[in-house]
Amino acid sequence: MIKYLTQIIKKGSILSIGQFIQGSISILLLPLYTRVLTKAEIGTIDMLVVFQSIMTLLILVGMRQGFTRAYLLKDEDGADDNQEHKNSILSTTLIFLLFWGCFVLFFVFNVSSFISTLLFQSDQYTDLIFFAVVTALGTSLCQIYEAFFLNNGKVKTFVLITTVQLLLNFSLIIVMVVKFEKGAYGVVFSNSLTSLIFGLLIVLFFFMKFGSSFNFKYLKKMLRFGAPTMVGILILVLFDIIDRFFVNYYLGLSELGTYSIARKISKIQSMAFVSPFLGVWTPTMYKIISKKNHKKILSDLLPIVTYIFCLITIAISSQSNELIIVFATEEYIESSYIIFWLCISQTLFVINTILSSSVHIVGKSEYGILVNGIVLILGIIVNILLIPLFGLFGAVVGTFLTFIFQSLVFYIVFQRLYYIPFKIYLSFCIFILSFLAYFFIQQLQFMFSNFIILLIFKIIVIIIYALIGAWILLKSKISIVDISKLELNSDRDD
């Protein structure tokens, strides 16, 4: 198991550095946003990002997951190592997305006025709706080149390309917002132009290098696996973003703007750690499940990953006030208290990704639709109940409770599909310990007003949590010696 954890950390660290650079570039936009744009404009951009996320999934229709599975697993004809077979899978995926994406773009163009009224209670945002779909099309194409590079272990190439893309996007936003004073329109236009250019350029490069053949058989197999996955992911994304829908509906765009700043600060964890992990997890997981001792490996990985991401959550959320002041203005300081809940929800998302391994092992992604559908209904109910009563705090607690419920349902249902003896009790103890550490840090802020003294005590609490968590893991059956023996035995068996 340690071998696969090392692979995740090694590849994830490269991705993490790249994502950290990219995240830093995005975070650098916050001082610009909070000083040039109004809260309502920031809220408008956030709503369009939500809409774009949904459209990206509808354009992809699960093709990224289907592509990764078809590309990495053995073909029925035994052609898993055939480069021509893999090239055909890649080109088939890209050709489908180009035609399907253009159809979706044309359809949305004709109903953009209706969508604008639905999201903003006004039809004056039709141009922005169109640009959001253009961004979704470009992002969908970029998703495939991301999967291609990660599947082939070319992490550095992927990081380099995406960093250049983000730098160009960053530059365009500054020009459009500062020089031409285009506000939210300039941000959305810059995003759409950059994503579409890079998406099309990468597609052209792949066609020139690997050919442009189309295989309906491969497309059918990818959609067979990917489409149900897409529905499950769409539902998953919906209950991650429904809080913003209801914040806008109940509290307005200005409050959504405040909420958006807190989410962007919490994206430090997402961009630097969660996204890199998810990027390398899928190909690593398929390698793990091909081993005879895959149940043991997955079982041991869960508490370790839980410990790492809880530690990251505490480290970021403990500095929430300082991060708001540095990257925004004191006008947004009220949103600092919700950053912990947003970060811990991302940690739950990572945990749930590991818990869903059973679905990938049995290849029955359609089971995720019903499970996530139930979770979505609960999320809607919780947000309707909590946001009108508790405002932004109700929104983040609603998101947290939704992810908690998803964890429970995932474990109960997916274990029936394929049993994996996850160390749930151990992971739960580490998870609860992170809450105790965070709330203790919160109490320190009332005890000390001096920044240096407060910072020192925060660091001490984080170190204590790290040591206790490591001690709990070492006292369990997970040990370096046992893992090393396990790997040696598994290699001999293979």
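Side-chain atoms are counted along with the backbone in the values below, which use heavy atoms only and exclude waters and symmetry mates.
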Do Tyr307 and Phe431 have their ring centres less than 6.0 Å from each other?
-> no

Show the numbers, then the answer: is there a side chain to side chain contact (heavy atoms under 4.5 Å, CB included) between Val274 and Ile312?
-> CA-CA 10 Å; Val274 177; Ile312 294 169; over 6 Å; no

After noting the C-alpha distance and the side-chain angles of Tyr337 and Asn321, does the key distance pass the side-chain hydrogen bond (donor to acceptor under 3.5 Å, both in side chains) rule?
-> CA-CA 8 Å; Tyr337 70 94; Asn321 286 343; over 6 Å; no

In Å, rounded to the nearest 0.5 Å, how long is the span from CZ of Arg35 to CD of Glu331?
-> 10.5 Å

Test log, rule side chain to side chain contact (heavy atoms under 4.5 Å, CB included), inputs Leu298 and Ile361 = CA-CA 12 Å; Leu298 291 170; Ile361 293 175; 4.3 Å; yes

Please walk me through it: do Arg69 and Tyr286 pass side chain to side chain contact (heavy atoms under 4.5 Å, CB included)?
-> CA-CA 8 Å; Arg69 191 172 192 272; Tyr286 281 119; 3.7 Å; yes

Results of side chain to side chain donor-acceptor pair (under 3.5 Å) for Lys295 - residues two or more places apart only = none

Who are the side chain to side chain donor-acceptor pair (under 3.5 Å) partners of Gln165, not counting sequence neighbours?
-> Tyr145

How far apart are the C-alpha atoms of Phe414 and Leu355, what are their side-chain angles, what is the distance that settles it, and do they pass the side chain to side chain contact (heavy atoms under 4.5 Å, CB included) test?
-> CA-CA 8 Å; Phe414 293 162; Leu355 291 177; 5.7 Å; no

Verify the distance criterion only: is there a donor paired with an acceptor across the side chains of Thr313 and Thr347 at less than 3.5 Å?
-> yes

His294 and Tyr418 aromatic centres sub-6.0 Å = yes

Could you list the donor-acceptor pairs under 3.5 angstrom formed between side-chain atoms of residues 380-406 and any protein atom two or more places apart in sequence or on another chain?
from   : atom 1 : to     : atom 2 : distance (Å)
Asn383 : ND2    : Gly379 : O      : 2.7
Thr399 : OG1    : Asp243 : OD2    : 3.1
Thr399 : OG1    : Ala395 : O      : 3.1
Thr402 : OG1    : Gly398 : O      : 2.7
Gln406 : OE1    : Asn352 : ND2    : 2.5
Gln406 : NE2    : Asn372 : OD1    : 3.2

Over 12 foreign heavy atoms within 6.0 Å of CZ, Phe440 | no

Roughly how far apart are Ser407 OG and Leu348 CG, rounded to 0.5 Å?
-> 5.0 Å

Would you check if the distance from the ring center of Phe309 to the ring center of Phe277 is below 6.0 Å?
-> yes

CA sep, side-chain torsions, deciding dist, call: Ser336, Glu322, side-chain hydrogen bond (donor to acceptor under 3.5 Å, both in side chains) = CA-CA 9 Å; Ser336 62; Glu322 291 77 11; over 6 Å; no

Nearest-0.5 Å distance that lies between atom CD in Gln269 and atom SG in Cys343 = 4.5 Å

Within a strict 4.5 Å, meaning less than it, do heavy atoms of the Ser358 and Ile420 side chains meet?
-> yes

Ring-ring centroid check Phe448 Phe457, cutoff 6.0 Å = yes

Mark yes or no for whether Ser260, through its side chain, and Leu256, through its backbone, hold a donor-acceptor pair below 3.5 Å.
-> no

No-hydrogen, no-angle side-chain donor-acceptor test under 3.5 Å, Gln346 and Lys267 = no

Using a distance-only test with no angle check, is there a side-chain donor-acceptor pair under 3.5 angstrom linking Ser190 and Asn169?
-> no

